[in-house]
2 protein chains.
Amino acid sequence: MKYSHQRELILQVMKQSLGHLTARQVYQRVKEELPTISLGTIYRNLNVLDEQNLIRRIVVPYGCDEFDYNPTEHSHFFCTKCESLYDLEAHIDQKMKQVVEETTGYEITNTNVVFKGVCHKCHGRKEG
Amino acid sequence: MKYSHQRELILQVMKQSLGHLTARQVYQRVKEELPTISLGTIYRNLNVLDEQNLIRRIVVPYGCDEFDYNPTEHSHFFCTKCESLYDLEAHIDQKMKQVVEETTGYEITNTNVVFKGVCHKCHGRKEG
DNA sequence: TATAGAAATAGTAATTATTACTATTTTGAG
DNA sequence: CTCAAAATAGTAATAATTACTATTTCTATA
């Protein structure tokens, strides 16, 4: 993989952003630094960075894919009330992987897990 | 929810098909019985059937959404070699849900889990 | 049983995320 | 430096899904 200024900026934005970003959000943030960058470049690089495990693609059961810099493998929790996507701690992922590998004998290389439910903040709140 | 012949046929096709079906596959199968059915009707009904928990939407990290009749909640395993999507046994889901609920305190209402890896058939096989 | 209004449909158009394409520019090894 | 491979910008294309609308189908109830 050859160096590129654009990819460097994309990684930088990903690192700075604690939350999860869609391709469009990454595009908008990188554009502030480099207004000529193209959306195609964002997509191409998000894909290669995901392949290289430098970032993580999160496939969600609503809307479009999101991307996450958090370098340790971890799963996600989507609150259906406030519509926030939370990271779960990495050791949860380890346990789940262990359960599945022990039960099935499959060799798990990758997880794409999104739990849905209601988060602490929204628990007990009325509909809004 | 009002009865409709179209929705009845869709559910019937889902029940008969043991595997997972994309909206287009459902469309093609229902069309054999009712050639005038519209793809929009398929999508609308797959959505309401999923909301009613009569079928399950599987959001996969490749290609488009798939739908599954299996009425008990369960997760999925995608083999990256043969590109098959397998059902995991329901008790695995129960255990995972338990792990997450105990650790986070979140109330889990729904899971969207796709593990990736290599299945038994493909284990040890060369690339192809 | 007749009927009115709500819900569903077919068919088409629109939307949106993502990928493909191409001429040009950038990168880095020799 | 030089040159080929890789990356880019900008645009066009693709594909899944949803929105829209005139028409049809259900079903509760009069």
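Chain naming here is simple, since letters A, B, ... match the order of the sequence lines and numbering starts at 1 in each. As the structure is a computational prediction, the values presented were derived from the model and not from experiment.
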Salt-bridged, A/Arg56 to A/Asp68, with N to O below 4.0 Å?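 Salt bridge: no.
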Salt-bridge criterion met for A/Lys97 and A/Glu73 (N-O under 4.0 Å):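 Looking at A/Glu73 together with A/Lys97, the answer is yes, because their closest N to O distance falls below 4.0 Å.
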How long is the line joining [atom1] of [X] and [atom2] of [N], in whole Å?
| X | N | atom1 | atom2 | answer |
| --- | --- | --- | --- | --- |
| A/Asp65 | D/dA15 | CG | C1' | 14 Å |
| A/Tyr43 | D/dT14 | OH | P | 18 Å |
| B/Gln25 | D/dT17 | CD | P | 12 Å |
| A/Leu46 | D/dA7 | CG | P | 15 Å |
| B/Tyr62 | D/dA16 | OH | P | 14 Å |
| B/Glu66 | D/dA16 | CD | C1' | 13 Å |
| B/Leu9 | D/dT25 | CG | P | 14 Å |
| A/Ile42 | D/dA7 | CD1 | C1' | 13 Å |

I'd like the 5' and 3' limits of the part of DNA chain C contacted by chain A, with heavy-atom contacts below 4.0 Å.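 Counting from the 5' end, contacts occupy C/dA17 to C/dG28.
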Global bending angle along the helix from C/dT1-D/dA30 to C/dG30-D/dC1, which compares the axes of five pairs at either end, to 10 degrees: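 Its terminal axes enclose an angle near 30°.
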Per the side-chain contact (heavy atoms from CB on, under 4.5 Å) rule, which among A/Thr103, A/Val100, A/Val99 passes with B/Leu88?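 Filter result, single survivor: A/Val100.
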Name of the residue among A/Leu46, A/Val26, A/Ile10 meeting side-chain contact (heavy atoms from CB on, under 4.5 Å) with A/Ile55: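 Answer to the side-chain contact (heavy atoms from CB on, under 4.5 Å) test with A/Ile55 among A/Leu46, A/Val26, A/Ile10: A/Leu46.
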When you compare the side chains of B/His20 and B/Asn70, does any donor N or O come within less than 3.5 Å of an acceptor on the partner?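 Not at all, the side chains of B/His20 and B/Asn70 share no donor-acceptor pair under 3.5 Å.
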Does the side chain of B/Ser4 pick up a donor-acceptor pair with the side chain of B/Arg7 at under 3.5 Å?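 The criterion, which ignores hydrogens and geometry beyond distance, is not satisfied for B/Arg7 and B/Ser4.
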So with a 6.0 Å cut-off around CD of A/Glu33, is the heavy-atom count from everything else above 12?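 No - once you tally the heavy atoms of other residues, nucleotides and ligands closer than 6.0 Å, there are 12 at most.
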What contact category does A/Arg7 fall into here, base, sugar-phosphate, or nothing, at under 4.0 angstrom with non-hydrogen atoms?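 Answer is sugar-phosphate: A/Arg7 comes under 4.0 Å of backbone atoms only.
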Using the closest heavy atom to pick a nucleotide of DNA chain C for each, name whichever of B/Thr41 or A/Gln6 lands nearer the 5' end.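 Result: B/Thr41.
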Between B/Ile37 and B/Tyr27, what is the shortest heavy-atom contact and its length?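 Taking B/Ile37 first and B/Tyr27 second, the nearest heavy atoms are O-CE1, 3.4 Å.
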Mapping B/Cys64 and B/Tyr3 to their closest nucleotides on DNA chain D, which lands nearer the 5' end?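 Whichever sits nearer the 5' end wins; that is B/Cys64.
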Relative to the 5' end of DNA chain D, which residue comes earlier, B/Arg24 or B/His5, by the nucleotide with the nearest heavy atom?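 Going by which nucleotide is closer to the 5' end, it is B/Arg24.
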Distance-only donor-acceptor pairs under 3.5 Å for side chains of residues 110-124 of chain A, two or more places apart:
unit_1	atom_1	unit_2	atom_2	d
A/Thr111	OG1	A/Asp93	OD2	2.9
A/His120	NE2	B/Thr104	O	2.9
A/His123	NE2	B/Glu107	OE1	3.2

